[in-house]
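Chain naming here is simple, since letters A, B, ... match the order of the sequence lines and numbering starts at 1 in each.
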2 protein chains.
Amino acid sequence: MSDTPTRHVTVTIRPKVGLRDPEGNAIEHALAALGWQGVTNVHVGRTVSFELPAGDDDTARSEAAEMCSRILANPVIEDFQIEVGGRGV
Amino acid sequence: MSDTPTRHVTVTIRPKVGLRDPEGNAIEHALAALGWQGVTNVHVGRTVSFELPAGDDDTARSEAAEMCSRILANPVIEDFQIEVGGRGV
């Protein structure tokens, strides 16, 4: 594995559209209390970025998708999006 | 404010480079235990996306930067990145 190049991957995980987002609602209320009354549709997600040994972008993407399904995300209630950003550091 | 167009904004907040990232470390160990030993440099961040009334992208960006400084991020230990994605829904 040590001579396989690495790819930089960023995964963004968000609650599925239409599901409750209590953290987003809390932020929306807090922003309104600070004077940003017009801010709507607040949604919170998380990102996980990493370096992954992979010969090409497609391999990196499919490995990352498997990571999301198995541990990074909860596919029942969350959607994920994978960006492969070329060779890692 | 009701006739001001809205802009879709996504803010990504990450621990500053070099600071401890215990959540990232925990994910790195969990991935290794599942067989992804080669994954390194795992970092966790969060995203906040919203619709903001703003006439143009620059206004949206500066409003979002103020939100980050005041409530969304902790500028002492976190960096943030703002993307303004055109007119919102």
Side-chain angles (χ1 to χ4, degrees), chain A residues 1-15 17 21 23-55 59-60 63-64 66-73 78-81 83 85 88-89, chain B residues 1-15 17 21 23-55 59-60 63-64 66-73 78-81 83 85 88-89:
Chain A
M1 295 285 276
S2 61
D3 50 1
T4 306
T6 65
R7 303 271 150 180
H8 185 75
V9 177
T10 301
V11 173
T12 304
I13 300 152
R14 293 195 174 88
V17 172
D21 185 346
E23 198 180 354
N25 292 344
I27 290 175
E28 196 165 318
H29 287 293
L31 286 169
L34 288 172
W36 284 290
Q37 281 93 355
V39 175
T40 57
N41 212 9
V42 181
H43 292 290
V44 175
R46 60 189 193 281
T47 65
V48 184
S49 64
F50 48 87
E51 310 295 326
L52 173 71
T59 309
E63 286 286 312
E66 197 187 336
M67 288 179 192
C68 284
S69 302
R70 290 189 61 190
I71 180 172
L72 300 180
E78 293 172 322
D79 285 326
F80 54 83
Q81 191 183 354
E83 280 171 62
V89 287
Chain B
M1 294 287 277
S2 61
D3 51 0
T4 307
T6 66
R7 303 272 150 179
H8 185 76
V9 177
T10 302
V11 174
T12 305
I13 300 152
R14 294 194 175 89
V17 173
D21 185 346
E23 199 180 354
N25 293 343
I27 290 175
E28 196 165 318
H29 287 294
L31 286 170
L34 288 172
W36 284 290
Q37 280 93 354
V39 175
T40 57
N41 213 7
V42 181
H43 291 290
V44 175
R46 59 189 192 281
T47 65
V48 184
S49 64
F50 48 86
E51 310 294 325
L52 174 72
T59 309
E63 286 285 313
E66 197 186 336
M67 289 178 192
C68 284
S69 302
R70 289 188 61 191
I71 180 173
L72 299 180
E78 293 172 324
D79 285 327
F80 53 83
Q81 191 183 353
E83 280 171 63
V89 288

*Once you round to the nearest 0.5 Å, how far does CZ of A:R14 lie from OG1 of B:T10?*
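That separation rounds to 5.5 Å.
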_Measuring from atom CD1 of A:I27 to atom CZ of B:F50, what distance do you get when rounded to the nearest 0.5 angstrom?_
9.5 Å
*Is it the backbone or the side chain of A:L34 that comes under 4.5 Å from a heavy atom of chain B, or both, or neither?*
both
*With only heavy atoms counted, which part of A:Q37 is less than 4.5 Å from chain B, the side chain, the backbone, both or neither?*
neither
*Out of A:I13, A:I71, A:T12, A:L52, which one racks up the most heavy-atom pairs below 4.5 Å with chain B?*
A:I71
*asked:* If you compare all heavy atoms of B:M67 against all heavy atoms of A:L31, which two are closest, and at what distance to 0.1 Å?
replied: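 Scanning both residues completely, I find the closest heavy atoms to be CG-CD2, 3.8 Å.
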*asked:* A side-chain contact here means heavy atoms from C-beta on lying under 4.5 Å apart; do A:E63 and B:V39 qualify?
replied: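 Of all side-chain heavy-atom pairs linking B:V39 with A:E63, none is under 4.5 Å.
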*Largest heavy-atom contact set with chain A, pairs under 4.5 Å, which of B:T40, B:V44, B:V48*: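 When all of B:T40, B:V44, B:V48 are compared, B:T40 has the most.
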_Side chain / backbone / both / neither for B:E23 at chain A, heavy atoms under 4.5 Å_ = neither
